[in-house]
Amino acid sequence: MTATRPENVPDLPTQYAPAEVEAPLYESWVERGYFTADADSPKPRFAMVLPPPNVTGSLHIGHALGHTLMDVIVRRKRMQGFETLWLPGMDHAGISTQTLVERHLAETEGKSRHDYTRDEFVAKVWEWKEEYGGQILGQMRRLGDSVDWTRERFTMDAGLSVAVRTIFKKLYDDDLIYRAERIINWCPRCLTALSDIEVDHSEDDGELISIRYGDGDESIVVATTRAETMLGDTAVAVHPDDERYRHLIGKPVKLPLTNRRIPIVADEQVDPTFGTGAVKVTPAHDPNDFEIGQRHHLPNVVMMDERGNITVPGPFEGLDRFEARSAVVAALREERRIVAEKRPYRHSVGHCSRCETVVEPRLSLQWFVRVASLAKAAGDAVRDGRTTIEPASLAPRYFEWVDNMHDWCISRQLWWGHQIPVWYSPSGDDVVSLGPGEEPPPGWTQDPDVLDTWFSSALFPFSTLGWPDETADLKRFYPNDVLLTGYDILFFWVVRMMMFGLYAMDDVPFHTVVLTGLIRDQFGRKMSKSKGNTVDPLDWMDAYGTDAVRYTMARGANPGTDVPVGEEWVAGSRNFCNKVWNATRFALLNGATVSGTLPRELVGPDAWIMSRLQTVITEVDELYERYEFAKAADLLYHFAWDEVCDWYVELAKISLAGPRADVTRRVLGEVFDALLRLLHPIVPFVTEALWTALTGGESVMVAPWPTVDPDRRDEAAEAAVSAVQAVVTEVRRFRSDQGVKPSDSVPARLAGPAGWETEVRSLARLKEPGDGFAATASFTTGGGVTVELDLSVDSVARRARLAKELAAARKEYEVNAAKLANEAFVDKAPAAVVEKHRARLAAAESDIARIEAALAALPS
RNA sequence: GGGCGCUUAGCUCAGCGGGAGAGCACUCGCCUUACAAGCGAGGGGUCACUGGUUCGAUCCCAGUAGCGCCCACCA
């Protein structure tokens with residue numbers, strides 16, 4: 001701060017205060033329209049899909065990761081001159097929202113959904129949405145998301161509803177949607193069907209009960225984990241080649257606890273090696289049994305209602321499925337029909353992904369998407385490279401899913417959602433699907449069910465752009481360029497967008513799928529409420545600033561891998577922001593400027609840092625193109641801190657006091673201008689505050705992305721500074737070993753590195769030898785620079801250091817000597833490698849000589 | 001049962017054929033006039049184990065032992 005303070009320089013505090021800086025910036029960006037895409041712009045375009053958060057949601061740490069990375073991508077593209085569109089939206093989230101509003105109504109009005117008509121209830125949900133929904137949108141602003149708010153959409157809004165009806169009718173007319181009675185996953189608590197992927201499987205403790213059906217020679221033992229479903233058995237199946245049971249095939253057997261007799265059938269599906277090799281068949285309550293039932297024309301006996309209560313008349317009627325299980329087992333035990341019981345028996349059990357209730361396979365009339373052709377197309381698009389998955393290692397997961405996909409159950413027994421656009425004639429015999437604006441004949445009634453939430457989410461990449469209308473946006477921004485999302489919703493969403501995008505638009509919805517990992521805690525553990533290790537990103541933003549949170553996210557994001565985060569890391573990121581703040585503050589206080597010509601020829605540190613900058617720009621670009629966020633963040637961190645702050649700023653302090661001060665002021669301006677622009681996508685707020693202060697420009701957001709100037713590369717300058725760094729570090733090590741205080745300036749004589757003596761003296765705190773200088777200590781650096789100092793030496797410390805260096809040098813010598821003594825190595829290794837080891841051997845040799853001489857010269 | 005991946009410094013992770021790296025943590029010394037949210041210096045690793053390929057392996061191959069994730073209709 002010794003330099004004269006330039007006029008009109010903003011007065012920056014010595015500590016970065018995020019709360020004061022961030023708040024006004026975001027709204028000013030929005031007001032100035034920086035986020036708004038222009039469909040008519042002549043610029044190349046870049047479009048990205050935002051995974052629409054649930055209307056019920058609030059920003060969690062996973063969003064913080066995804067949104068940060070997406071914002072990094074889109075901010076860089078914008079600076080690179082692309083017309084960027086990042087379209088925000090929300091998902092109506094059928095089951096979650098309905099459940100939440102039901103709970104809300106119970107609490108506030110003491111009423112249940114059934115106290116209202118369907119229309120009234122849906123109106124209540126909309127009221128709730130207006131009042132409480134969309135919290136996350138404000139939080140996205142806080143995080144800095146540069147989304148185009150003028151195009152915000154909601155999956156239940158009018159336009160998207162038109163898209164849903166349009167594609168439904170198209171699929172229906174193409175025979176790709178059908179209604180059928182199938183075994184589906186049913187949640188007895190949510191009272192709705194679920195798709196396969198809305199069921200989570202876990203290994204639970206159950207029981208395996210072996211039951212004797214029939215008596216005497218014609219009896220047969222079956223094993224089951226669900227004893228209660230025997231009330232719905234309509235057969236026993238065995239493998240056709242199983243000698244043990246061949247004589248029983250086709251014969252009836254009496255079903256215990258009932259008056260029914262059921263046939264013993266032969267079916268290939270039975271595994272003769274499992275249990276007794278005989279299996280009870282309950283076609284209405286098990287998907288496998290249903291298939292067996294179809295093949296053998298067995299009746300479907302439904303023995304349970306939609307809540308999981310037994311409906312078979314008799315002693316078990318009215319019991320729920322779990323009560324019935326023990327009651328049935330007890331009754332069978334009474335009749336001495338239990339042959340074996342294994343408890344606990346661990347087996348896979350499906351749970352509702354929403355409420356964890358054990359899912360009940362249930363025979364039910366539902367709507368399905370026939371996925372075979374759609375999934376094939378989705379797979380082919382990735383196979384032939386029209387869409388690429390980053391990282392490629394996650395592509396097998398995608399293929400595994402699209403190649404083995406079951407038909408998708410899309411009907412849900414809910415009120416909140418897109419009602420299925422199908423109408424039935426009064427007799428129920430005729431069915432019609434109607435597109436938008438089409439009216440059903442009088443007296444026809446609409447199917448009461450709604451569509452799976454993911455049905456409308458799957459349309460997001462084009463429904464939000466106006467489809468089915470041929471809008472300017474749709475022509476301009478479809479297909480999108482990038483979709484970034486967590487690998488956990490690859491199946492839920494990515495695959496379905498691929499299917500519907502290819503079907504409706506005849507083109508992929510996006511060219512690149514970038515998959516991120518999941519957030520974990522600082523010990524790499526999954527975050528969960530039960531572990532108590534969850535974090536709220538907003539708390540961290542309050543404590544350390546948004547940029548610190550964003551930087552932490554970017555720094556952890558290696559492609560496709562999980563991202564551990566911890567509070568100390570956020571603090572470290574905050575420190576980095578503060579470092580950049582103060583370094584820029586230094587530049588400002590010393591008159592850094594971006595105006596005026598930068599001389600073609602630079603010398604000294606100015607030439608060096610400009611050369612390094614070119615390399616950094618090149619490397620950062622390469623990393624971003626490969627979605628290597630962690631490495632880009634790390635590279636910029638080290639360039640900013642280690643090179644710009646620790647060396648260039650210190651060297652600039654020297655030139656600012658000399659004749660080249662004006663050039664250095666200009667280079668300082670150039671370097672910080674570029675550095676702030678390079679950092680902006682990751683840490684938009686602090687860079688905006690600093691960049692506008694430094695340059696007086698409008699906004700770093702719309703400043704061009706730095707490009708490489710090859711003429712600024714200067715290998716000689718880089719080599720010179722490397723040599724200076726080596727000498728300075730050696731002198732500092734010597735001082736530290738010798739216990740010299742940092743503030744003590746030691747008289748010293750040195751020659752070299754040529755032309756850099758002033759810099760070395762300054763950085764190593766060595767002063768010119770005055771009258772009466774006595775060289776009481778000296779050493780020669782690895783680079784051959786001899787430094788003589790007026791200093792009394794602690795021989796013990798010095799000897800310890802030299803001994804350590806000598807050991808290292810000797811080891812280096814031996815390793816290289818051994819290699820070079822190996823004829824096979826010299827023969828077969830590339831010449832350059834051999835040469836390198838020769839050079840290392842020579843260096844080690846001279847180091848040994850130098851260190852031994854220094855040791856010998858030490859007083860004993 | 002299928003598929004994918006991991007094991008590198010105390011912790012979390014990069015590196016992936018020719019000299020073991022980062023952040024945090026740790027030790028010592030410093031309020032050196034941008035920054036103590038800082039500065040300087042330092043310590044710390046038979047790169048899970050066993051074989052193989054190679055002139056050369058943390059890196060490639062095989063096996064072993066742990067750990068993790070995803071998918072699947074095993075009663």
Side-chain angles (χ1 to χ4, degrees), chain A residues 1-2 12 14-16 183 196-197 201 208 222-226 229 237 269-271 274-276 278-282 286-291 347-348 361 393-397 399-401 404 406 487-488 490-491 517-518 520-524 526 544 548 555-556 558 560-566 568-569 571-590 630-631 634 637-638 645-646 649-650 653 728-729 732-737 739-745 764-765 812 815-816 819 822-830 832-834 836-837 840:
Chain A
M1 223 182 291
T2 49
L12 303 179
T14 62
Q15 280 199 344
Y16 171 48
I183 295 275
D196 289 349
I197 54 179
H201 293 272
L208 184 65
V222 298
T224 182
T225 55
R226 301 206 55 194
T229 62
Q269 196 170 311
V270 178
D271 174 2
F274 185 92
T276 58
V279 57
K280 62 192 274 305
V281 180
T282 322
D286 182 277
N288 284 319
D289 295 4
F290 180 74
E291 286 174 27
H347 65 305
S348 178
S393 60
L394 287 172
R397 283 195 192 190
F399 292 125
E400 185 179 7
W401 180 255
N404 302 293
H406 295 141
Y487 59 65
D488 54 325
L490 189 60
F491 309 137
L518 275 25
R520 294 181 174 262
D521 75 8
Q522 60 191 311
F523 304 111
K526 237 179 193 166
Y544 302 101
R555 192 177 201 176
N558 286 299
T561 65
D562 289 344
V563 181
V565 295
E568 314 90 87
W569 305 347
S573 302
R574 183 270 318 263
N575 294 354
F576 175 60
C577 292
N578 192 51
K579 188 71 180 175
V580 173
W581 177 269
N582 272 294
T584 310
R585 180 166 171 268
F586 166 86
L588 273 163
L589 292 172
N590 286 280
K631 291 181 186 68
D634 188 62
Y637 181 96
H638 288 290
C645 293
D646 288 351
V649 163
E650 294 307 318
K653 285 175 182 172
V728 168
T729 301
R732 284 173 176 169
R733 185 182 302 128
F734 181 86
R735 293 177 52 123
S736 185
D737 286 349
V740 179
K741 289 199 182 286
S743 50
D744 287 352
S745 210
R765 300 210 162 237
E812 172 76 356
V815 166
N816 288 286
K819 270 205 170 206
N822 180 349
E823 280 178 37
F825 169 72
V826 179
D827 248 27
K828 298 190 178 178
V833 172
V834 175
K836 194 165 141 191
H837 285 278
R840 283 175 56 187

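Throughout, a chain's letter reflects where its sequence line sits, starting with A, and its residues are numbered from 1.
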Which nucleotide wins on minimum distance to the side chain of [X], given the candidates [options]?
X	options	value
A/N578	B/C30, B/C55, B/A37	B/A37
A/F586	B/A34, B/C13, B/C73	B/A34
A/D271	B/G19, B/C55, B/A75	B/A75
A/P742	B/C70, B/G29, B/C24	B/G29
A/V270	B/U12, B/A34, B/A75	B/A75
A/E400	B/G2, B/A34, B/G19	B/G2
A/F491	B/G18, B/A34, B/C71	B/C71
A/H638	B/C74, B/C24, B/A22	B/A22
A/N288	B/C73, B/C24, B/C55	B/C73
A/R733	B/A75, B/G18, B/G42	B/G42

Please state the [atom1] separation for the pair [N] and [M] - nearest whole angstrom.
N	M	atom1	answer
B/G19	B/A37	C1'	35 Å
B/C6	B/A22	P	23 Å
B/C4	B/G45	C1'	29 Å

Counting just side-chain N and O atoms, does [X] come under 4.0 Å of either OP1 or OP2 of [N]?
X	N	value
A/K280	B/A75	no
A/K579	B/A34	no
A/R840	B/G19	yes

For [X], answer base if it contacts any base atom (sugar-phosphate contacts may also be present), sugar-phosphate if it contacts only those atoms, and nothing otherwise; contact means non-hydrogen atoms under 4.0 Å.
X	value
A/T225	sugar-phosphate
A/V649	base
A/R555	sugar-phosphate
A/E812	base
A/P830	base
A/F523	sugar-phosphate
A/D289	nothing
A/N558	sugar-phosphate
A/T561	sugar-phosphate

Determine whether any donor atom in the side chain of [X] lies under 3.5 Å from an acceptor atom in the base of [N], or the reverse, and answer yes or no.
X	N	answer
A/R732	B/G40	no
A/E568	B/G23	no
A/E650	B/A34	yes

* Asked: RNA chain B: A/S393 or A/A587, which has the more 5' nearest nucleotide?
  -> A/S393

* Got a donor-acceptor contact below 3.5 angstrom from the A/D562 side chain to the A/G517 backbone? -> no

* Where the side chain of A/N582 meets the backbone of A/T14, is there a donor-acceptor pair that is under 3.5 Å apart? -> yes

* Strand partner of B/C47, provided both Watson-Crick or wobble distances fall under 3.5 Å -> none

* To do: Answer whether the closest heavy-atom distance between the side chains of A/H837 and A/F825 falls below 4.5 Å.
  =>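 Yes. Closest side-chain heavy atoms under 4.5 Å.
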
* **Heavy-atom side-chain proximity of A/K631 to A/N558 below 4.5 angstrom** =>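 In short, these two side chains touch, coming nearer than 4.5 Å.
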
